[in-house]
Amino acid sequence: MAQDRPTASELFAAIIDFLREEATPALDRADPRLGFQMRVAVNSLGILEREGRLGPDADARERSRLIALLGRDGALAELNAALAAELRAGRRDERDAALMAHLEATIADKIAIANPKWK
Amino acid sequence: MDVHTPSASSHDTVATALARAAARHFGGPARIDGLSRQSGGASRQTWRFDALVGDRRHELILRRDPPGAPKGERERSVAIDRATEYRVIDAAHRAGVLAPAVSFELRPEDGLGEAYAMERRPGTAIARKLLRDAEYSGARPRIAGQLGAILARLHGVDVTTLPPLPRREAADHIAGLRGSLDLLGAPQPVFELALTWLDRRKPAPLARPVLVHGDYRTGNYLADANGVTAILDWELAHLGDPMEDLGWLCVKSWRFGAVDRPAGGFGARETLWAAYEAAGGARVDPARAHWWEVFGTAHWGIICLNQAWKHLSGALKSMEHASIGRRAVETEVDLLQLLRGAA
């Protein structure tokens, strides 16, 4: 059943704005260390908002790429474990263009959620 | 209630113990003035205070691990204890490294846990201020060179003046990071790729390992309007490859947004290396320094995962630690950039 508005993203935005603009300055006055912690929390809420919006498609794309790369099916975590084992054993490395394209795409999706400003 | 202000009892306990220890050290009744907690979580606390003895005011810092404070797996395995740290800082200071002068150690009967006092140096460690505030505009062009020169002296400390320290070479570090990944459980393809790259190219152990600071980066030194005033945070000191410190300082995370100035956010790698060599440091082989920068990047990423694990494992309930886990991907971006440039 669809929820009423605000959507999840809209509600996150409203909470983030309130915490950033009203709660954080008050905390800074009371105790700068708490103000710092609130900034960390507000930043994490931003991550959750982006993850809710972008995460499911990113996971699906990652899984399809892994199926093509490894030539087998499986859950996302299982496929990543298989890839990680191949990388530790040195059976694949940075000279493998298909591998690198997969990792670049995966990390691009991850950073778009965790910290889109990172460069 | 303000949960971060130390309760009156903990504040008073620290003040009383410091007064006793300061009296013992300075040889006369001591009064403690201006005691306040600076930073740190439950473990690894930093407090500032003045000890008034006779007509003298000693401006000091207390470094402290309270008794029974939780330590993460990694802290237990790689950090030195406070007594060893005290001796390393003292040896470095005596050798002319810009380290604070140590003052006195607390004893078990003082009840503060592992703790010592040292001189309070001027300046700030806050990267954002050093990189952006007008007050430090004169210091900024100097810092990269100063850090190189200080590091040359640090690596030149006579190892026979040091307490026993762990020796960690490239191979030990790689094994340690793989162990961390196994402990954390979730598969990490980019870190595995980087560790294999590192393993295949690892520098040979040195015949004579040197004192390595182990956490030599922006955020861990103080600077004022004239530049660097003190090197702090010695708890990861060990014996190893001097290039480890040069590489770590250039990890992108320690540029705090000033990404085009690799030397801690303040200058070019070449500026850092030239100052290091001019001050008596070993000649810098760019390939070896690059290896340590790639290593440092992977290292910081895995530290981020470890920090989150402290919270997730229940060792330490901390929103801040949990959040750091989501910073690991920043180093995955950087690792792919680094490996693309130098495969």
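Any value given below was found using the heavy atoms of this structure, including those in side chains, with hydrogens, waters and symmetry copies removed. Letters A, B, ... are given to chains in the order of the sequence lines, protein chains preceding strands, and every chain is numbered from 1.
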[Y]/[X] salt bridge by N-O under 4.0 Å criterion:
| X | Y | answer |
| --- | --- | --- |
| E94(A) | R340(B) | no |
| E51(A) | R326(B) | yes |
| R88(A) | D182(B) | yes |
| R91(A) | E192(B) | no |

Do other residues, nucleotides or ligands put more than 12 heavy atoms under 6.0 Å from the [atom1] atom of [X]?
| X | atom1 | value |
| --- | --- | --- |
| R132(B) | CZ | yes |
| F12(A) | CZ | yes |
| R178(B) | CZ | yes |

Which atoms of [X] come close to chain B, meaning under 4.5 Å heavy atom to heavy atom: side chain ones, backbone ones, both, or neither?
| X | result |
| --- | --- |
| K117(A) | neither |
| L99(A) | side chain |
| I111(A) | both |
| L103(A) | both |
| E78(A) | neither |
| N115(A) | side chain |

### Query
Who among A81(A), A114(A), A108(A) has the most heavy-atom pairs with chain B under 4.5 Å?
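Winner by heavy-atom pair count: A81(A).
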### Query
Taking side chain as C-beta onward, heavy atoms only, is L83(A) less than 4.5 Å from P187(B)?
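Answer no - side chains too far apart.
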### Query
Tell me, do W118(A) and V329(B) make a side-chain contact under 4.5 Å, heavy atoms counted?
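No, too far: nothing below the 4.5 Å cut-off.
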### Any donor-acceptor N/O pair, S323(B) side chain to S44(A) backbone, under 3.5 Å
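No.
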### Query
Counting distance only, does the side-chain N/O of K110(A) pair as donor-acceptor with the main-chain N or O of E330(B) below 3.5 Å?
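No, because the side chain of K110(A) does not come within donor-acceptor range (under 3.5 Å) of the backbone of E330(B).
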### Query
Considering all heavy atoms of both residues, which atom of P189(B) and which atom of L87(A) are nearest to each other, and what is their separation?
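Reported closest heavy-atom pair: O-CD1, 3.2 Å.
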### Query
Considering only heavy atoms, which portion of R200(B) lies under 4.5 Å from any heavy atom of chain A: side chain, backbone, both, or neither?
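Contact with chain A involves the side chain of R200(B) alone.
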### Query
For S253(B), is it the side chain, the backbone, both, or neither that has a heavy atom closer than 4.5 Å to a heavy atom of chain A?
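Contact with chain A involves both backbone and side-chain atoms of S253(B).
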### Task
Could you tell me the separation between the CG atom of L193(B) and the CG atom of D93(A), rounded to the nearest 0.5 Å?
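The CG atom of L193(B) sits 7.5 Å away from the CG atom of D93(A).
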### Query
Is there a side-chain contact (heavy atoms from CB on, under 4.5 Å) between L336(B) and M100(A) once you walk through the steps?
CA-CA 8 Å; L336(B) 291 178; M100(A) 295 308 279; 4.0 Å; yes
### Query
Which residue out of V259(B), I324(B), D199(B), D334(B) racks up the most heavy-atom pairs below 4.5 Å with chain A?
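Among V259(B), I324(B), D199(B), D334(B), the one with the most close pairs to chain A is D334(B).
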